[in-house]
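First the structure, in the form of C-alpha cells, and then the observations on it.
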Amino acid sequence: MTSTIKPRSPEELRQAVEWALNDGTTLDVRGQGSKIALGRPMSCGQVLDLSGLSGIVDYAPEELVVTLRAGTPIGEVEALLAQRNQMLAFEPPDLGPLLGREAGQGTLVGAVMGNLAGPRRLSAGAARDHLLGFSGVNGRGEAFKSGGKVMKNVTGYDLSKLLAGSWGTLAVLDQVSVKVLPAPDQTRTLLLLGLDDAAAVSAMCAAMGSPHEVSGAAHLPGRTALRIEGVAPSVEARLKGLRDLLAGTGAAMEELGTLESRAFWREVRDVAPLGAARDAVVWKISCPPTEGPAIVARLKALRPAAEAFYDWSGGLVWLALPASADADHVAVRGAIGATGGHATLIRAPEAVRAVVPVFHPQPPALAALATRVKESFDPRRLFNPGRMG
Amino acid sequence: MQMPPLDPDILRRRGEIVAALRVIVPGEGVIDDLEGMRPYECDALSAYRQMPLVVVLPETVDQVSAILRYCQDSKVKVVPRGAGTSLSGGSMPVGDAILLGLGKFNRVLEIDYANRVARVQPGVTNLGISKAVEHEGFYYAPDPSSQIACSIGGNVAENSGGVHCLKYGLTTNNLLGIEMVLMTGEVVQLGGKHLDSEGYDLLGVMTGSEGLLGVVTEVTVRLLRKPSTVRAVLLGFPTEAGAAECVAAVIAAGIIPGGMEMMDKEAVKCAEAYVGAGYPMDAEALLIVELDGPQVEVDHLVARVEEIARERGATTVRVSHDEQERVLFWAGRKAAFPAVGQITPDYMCLDGSVPRGRLVEVLAEMREMSKKHRLRVVNVFHAGDGNLHPLILFDANDADELHRAEEFGADILRLCVRVGGVLTGEHGVGIEKRDLMGVQFTEIDLDQQMRLKCAFDPDHLLNPGKVFPQLRRCAELGRVVVHHNKLPFPDIPRF
Ligand SMILES: Cc1cc2nc3c(=O)[nH]c(=O)nc-3n(C[C@H](O)[C@H](O)[C@H](O)COP(=O)(O)OP(=O)(O)OC[C@H]3O[C@@H](n4cnc5c(N)ncnc54)[C@H](O)[C@@H]3O)c2cc1C
C-alpha cells in the first residue's frame, strides 16, 4: 500500500517535495484522483494529495480573474462563477463517467493540468489560454511562481502554457489564477439532419468561416450541431444567417432552445455521445478539421465496429474501438499520417496503457527537447514518473 | 545600459567567422561593412545602439540550421531579428554576436480557408497576413500598432498584442504552429493546423520567448472571418475615475468589446492638435469603445454602452454612424505616439499591466512621480485589459534627462508590480526591463526560467544579455542539492 501525504499549506507542500527529494522517493500527484486512469500507469513511492489545499483565494468578477488553491473542486469554482453570470470559457469536460467514475468530481487544476477543453475550444481556446499564472513547487523542492493575475503579461517565459497539459509531471501547483468570461444570455443550436461525415465537416467549416460567431460545431451520427450564443436579438439573427448559409446542403434543419442546448453541449463536452461498449478503448484525435472524416474512414475500413463523433468542426475526433491488447495504436496513428495531428489514448485497461504509448510519440529531436524541459523542472523525476512517457 | 563584456577571442576571430558564414550563405547575404550594418544597429528602442559582429541574412531553413550549428560548435552568439521594431531592445545587436535577420523569409506559403489557417514565413509582416486573405473576408486578429512593419516571427517572439486583444487574444491565442531551428541546427515542428500539443506545450513557451530559445522559420496562424459590423463609441469623462468606472461597468455587464482604449487629457490634446479627430477638449479622460459582430448585436451593445457611460457621468457620448466616422474616432488614438513625438524631442514608451481596478490610483501616483522626476508623462492605454502605455517625455541629448527618464520609467514599473500587475504586457523585457526582473520575480523564479533556457540553449548563445539580469551557467543551475539527513516534517498529515 502506498501511503499518502496531505499538505495543508504551500509551505507544507514544499516540505513534502523536499522530503521526497531527500528520501529518493517519487510522488503520485493528485487533486481528487478523478483522472488517475488517464496516462501511463505509474508506481510511485507516495501519493501527494492536494485536496487539503482547497478554496477560492480571490474572485473579482470585473477583473475577469479568479484565484484559487490547487485542490479546489471544479464544481465549487463553476458554482461561484455562475452566481455572477460568468464561466470558465474553455468548458472543461467532466471525463468521470467516460473513465468509469462518478460525474462531478475533479479539481479545476486537474483539468488545467490535462489542458482539457470542451466544444468552445474552437472559439475561446483551451485551458492553456486561460491560465494566467500560478505558484507551486519544482522538483528541487523550491517554491516558485510564474505569470500573474492580469490579462496581458509577457514578463519572462510563459510557463503557464507549459504547465497546462503537463499532467503534473513538471511541478506541483499550490495556487492558480484563471481568466473567466461572461456567460452568454442565450445558447441555441441549429441541427442539420442526415449529413454524412464529409458533408457535415464541410458544413461546419463553412459555418466557422462565416461571420455568425459559431461557438460549437459537432457532428454526431445523423446530426450536425452548430451552437450560437449571446444576447437574444443577435442569436436570432445569426441563426437565420446560418440557415441561409447552409440551405444549399439540402439538410433538414431543427433548432434547440437554451435549456436543451445546454444539455446537448454538455453531453458533447463529456463525450457521452460515444455510446460504446464499456470495454471499448477510446481515442481522442486532434487533426485539421477537414482531415477528420478521412481518418475515421481509414479506421472504419480496418475495424468496422469503430464508432466516432466529431467536435471542433471536425478537428477533434472521439473514437471508440473494440477492446484489443494494443488498442490498435499503430493503426490509429498511421491513419493520421502526414496530415498532422495527434492521438491520445484516453481510455483503456491498465495493462494496455502499460504497453501502448498513451501520448502521441514525438520525433527524436523534439522528444529529446521535451526530456530536457522535464529535467529543467524535475531533474530527479519525482512527479508522476512515466505518466506521459 | 550594461551589456555583457565582449569576448575578445570572438572579436579576434571575426574574419574567420565571416568567411564561415559566406560559405553557408553565398552572395550578398553576409554584410560585414560598417555602412551595410548601420541599418541594424538598433531596434525601436533607439536610445541604445550597438554594431553587430556581422549581419547574416539567410534565405532557407537549411542555411539557418547550418548557421546555428556553426555557432553552437564555435561558441558564437546569435541575435535573431525580424523587422527590428521591438520597443524593449529585444533585437538590439550585441557586439560579439552575429545578427541573424529573417527579412528574406517573406513568403506566404499556404492559405487554407476551409481550416481557417495561414502558413507563412516569419518575415511576412503582421498586416501582410491580413492583406493576403482580406479579399475572402478573413483577417489575422492580433493587430499591434506597428503591424505594417513588424514581422510575424517577431510577433511570435514577443507574443505581441494590439487594441483587439481583449476579445481576440494575443499572438499566443491565435498561433497554431511553428517550425523552428534549435542551436544544434535541429529543425522541429511544434503544432500545425490542428489544435493543442501532443506533449508539453513548447509552442506556448516559444511564444514570448524573445528570441532566446530558438529561431522561428515558419508560422501557422488562425484566420478569423471579419465581423460584419464594427462601430465605435467615443466617450468623454470629467474625471479619470469616471472613465475607469465605466470600463469596469461595461465588463461587469457581460460585454467584451473588441477594443476599449483610454487616453488622458494630455494625450487627447496632442492627438487633437496632430490629426483633428474632433475629440472633446474639456474631458479629463477619453474612452473609445469598439463593438464588433452581427449588426443587431452591435446596435444592442452600443446602446448598452451609451447607457452605462451616461450613468457614470460621461459628458461626451458619440457613436460612429459610418466607417468614416469610426476611423476618425480612432485616428487620434492610432496617431497618439507620433502626436506626442511632435511636442518632445524623445519619449519613452512603457508597457506595464495592472488589475483594472487599480487604474485610477496608478494614474494619480504616476502624476506625483512626474513632479518628482521633473518630466512630463502622457497616458494612452488598453484600458480593457489594464495594459498601460505611459509615455515619458524627455530629451535624449540631455544626459541628465535620459537618466531621469530611465529612473521615472523604473518607478512606474515598480508601481505596476506593487499593485499586483507586471512589468510588461506586450512589448517584452528585452534589455529595457531586464534589470527590473527582480522586482517581479524571486531569484528562484528566475533560476527556474533560466533552467528552461538551458534545455534549449545550454551555452547561452541565443540573444545574450536580454531578459535575465544575470546569467548563471547551466552546469551550476543544473546541480541538484540533496540533504541526506532526513527531515522529519512531523506535522504534515500522512496516512
Ligand atoms: C510604433 C510602434 C508601435 C508598436 N505597437 C505595438 C503594439 O501595439 N503591440 C505590441 O505588442 N507591440 C507593439 N510594438 C512592438 C513591436 O512592433 C513588436 O514587439 C513586434 O512583434 C516586433 O516584431 P519585429 O519583427 O520588429 O521583431 P524584432 O524587433 O526584429 O525582434 C523582436 C524580438 O523577436 C526576436 N525574433 C524576431 N524574429 C525572430 C524569429 N524568426 N525567431 C526567433 N526570434 C525572433 C528577436 O530576437 C527579438 O528578441 C510597437 C512598436 C513600434 C515601433
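We name chains A, B, ... by the order of the sequence lines, and we start the count at 1 in each one.
Note that CZ of B:R116 and OG1 of A:T290 are 12.0 Å apart. Values are rounded to the nearest 0.5 Å. Rounded to the nearest 0.5 angstrom, A:Y157 OH and B:M450 CE are separated by 9.5 Å. Here the OG-CG distance, from B:S197 to A:L366, works out to 7.5 Å after rounding to the nearest 0.5 Å. One distance of note links OG of A:S146 with CZ of B:F441; it measures 5.5 Å at 0.5 Å rounding. In this structure, A:M151 CE and B:H382 NE2 are separated by 14.5 Å, a value rounded to the nearest 0.5 Å.
The stretch residues 372-380 of chain A places A:R372, A:V373, A:K374, A:S376, A:F377, A:P379, A:R380 near chain B, each with some heavy atom under 4.5 Å from a heavy atom of that chain. Residues of residues 123-130 of chain A having a heavy atom under 4.5 Å from any heavy atom of chain B, listed by number: A:A126, A:R128, A:D129.
Using a 4.5 Å cut-off between heavy atoms, B:H427 contacts chain A through its backbone alone, with no side-chain atom that close. Heavy atoms closer than 4.5 Å to chain A are found in the side chain of B:L170, but not in its backbone. For B:N387, the part lying near chain A is the side chain, with the backbone staying farther off; criterion is any non-hydrogen pair under 4.5 Å. Interface residue A:S166: backbone and side-chain heavy atoms are both found under 4.5 Å from chain B. Neither the backbone nor the side chain of A:A171 comes within less than 4.5 Å of any heavy atom in chain B. Proximity to chain A (any heavy atom under 4.5 Å) is restricted, for B:V481, to the backbone atoms N, CA, C and O. Both the backbone and the side chain of B:L452 come within less than 4.5 Å of a heavy atom of chain A. In this structure, chain A has a heavy atom under 4.5 Å from the side chain of B:K167, while its backbone stays farther away. In this structure, chain B has a heavy atom under 4.5 Å from the side chain of A:E213, while its backbone stays farther away. The part of B:M437 that comes within reach of chain A is its side chain, from C-beta onward, which places non-hydrogen atoms under 4.5 angstrom from that chain. With a 4.5 angstrom heavy-atom cutoff, A:D158 touches chain B via backbone and side-chain atoms both. Interface residue A:L159: only side-chain heavy atoms are found under 4.5 Å from chain B. For B:V354, the part lying under 4.5 angstrom from a heavy atom of chain A is the backbone only. Only the side chain of A:W312 comes within less than 4.5 Å of a heavy atom in chain B; its backbone stays farther off. Contact of A:S9 with chain B is not made at all, since no heavy-atom distance falls under 4.5 Å. Proximity to chain A (any heavy atom under 4.5 Å) is shown, for B:Q295, by neither the backbone nor the side chain. Proximity to chain B (any heavy atom under 4.5 Å) is shown, for A:M208, by both the backbone and the side chain. Proximity to chain B involves both the backbone and the side chain of A:P233, based on heavy atoms less than 4.5 angstrom apart. Heavy atoms closer than 4.5 Å to chain A are found nowhere in B:L176, neither backbone nor side chain. With a 4.5 Å cut-off on non-hydrogen atoms, A:L64 touches chain B through its backbone and its side chain both. Contact annotation for B:K433: neither backbone nor side-chain heavy atoms come within less than 4.5 Å of a heavy atom of chain A. Residue B:R479 touches chain A through its backbone alone, counting heavy-atom pairs closer than 4.5 Å. Of the atoms belonging to B:E136, not a single heavy atom falls under 4.5 Å from chain A. With a 4.5 angstrom heavy-atom cutoff, B:L446 does not touch chain A via any of its atoms.
Heavy-atom pairs under 4.5 Å with chain A were tallied for B:A114, B:G420, B:A249; the largest tally goes to B:A114. In terms of non-hydrogen atom pairs under 4.5 Å with chain A, the most contact-rich of B:L202, B:V467, B:D196, B:N173 is B:D196. Ranked by heavy-atom pairs under 4.5 Å with chain A, the list B:E186, B:R222, B:Q449, B:Q189 is led by B:Q449. For the options B:E210, B:R356, B:M206, B:K193, heavy-atom pairs under 4.5 Å to chain A are most numerous at B:R356. Interface check for chain A: of the options B:V188, B:V296, B:D385, the most heavy-atom pairs under 4.5 Å are formed by B:D385.
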Exercise. Under the side chain to side chain contact (heavy atoms under 4.5 Å, CB included) rule, what do B:F456 and A:L369 come out as? Steps first, then yes or no, please.
Key: CA-CA 7 Å; B:F456 287 79; A:L369 177 61; 3.7 Å; yes
Quiz item: Hey, mind stepping through A:T339 and B:H194 against side chain to side chain contact (heavy atoms under 4.5 Å, CB included) and telling me if it holds?
Solution: CA-CA 9 Å; A:T339 61; B:H194 57 277; over 6 Å; no
Quiz item: Under the side chain to side chain contact (heavy atoms under 4.5 Å, CB included) criterion, do A:V154 and B:E158 qualify, and how do the steps go?
Solution: CA-CA 7 Å; A:V154 296; B:E158 299 286 9; 5.9 Å; no
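The backbone N or O of A:K152 lies less than 3.5 Å from a partner atom in the side chain of B:S353, making a donor-acceptor pair. Between the side chain of A:H342 and the main chain of B:G191, no donor-acceptor pair closer than 3.5 Å is present. A donor-acceptor pair under 3.5 Å is formed between the side chain of A:T155 and the backbone N or O of B:T424. The backbone N or O of B:G357 sits less than 3.5 Å from a side-chain atom of A:E63, completing a donor-acceptor pair. With hydrogens and angles ignored, the 3.5 Å screen pairs no side-chain donor or acceptor of B:R225 with any backbone N or O of A:S210.
In summary, the aromatic rings of A:F359 and B:Y200 are positioned with their centroids too far apart to meet the 6.0 Å limit.
Ion pairing between a basic and an acidic side chain is recognised when a charged N comes within 4.0 Å of a carboxylate O; A:E142 and B:R451 show such pairing.
Listed by chain and residue number, A:V57, A:D58, A:V65, A:K149, A:Q175, A:S177 satisfy the side chain to side chain contact (heavy atoms under 4.5 Å, CB included) test with A:T67 (two or more places apart in sequence, or in another chain). For the salt bridge (charged side-chain N to carboxylate O under 4.0 Å, His left out) test, no residue two or more places apart in sequence or in another chain qualifies with B:E443.
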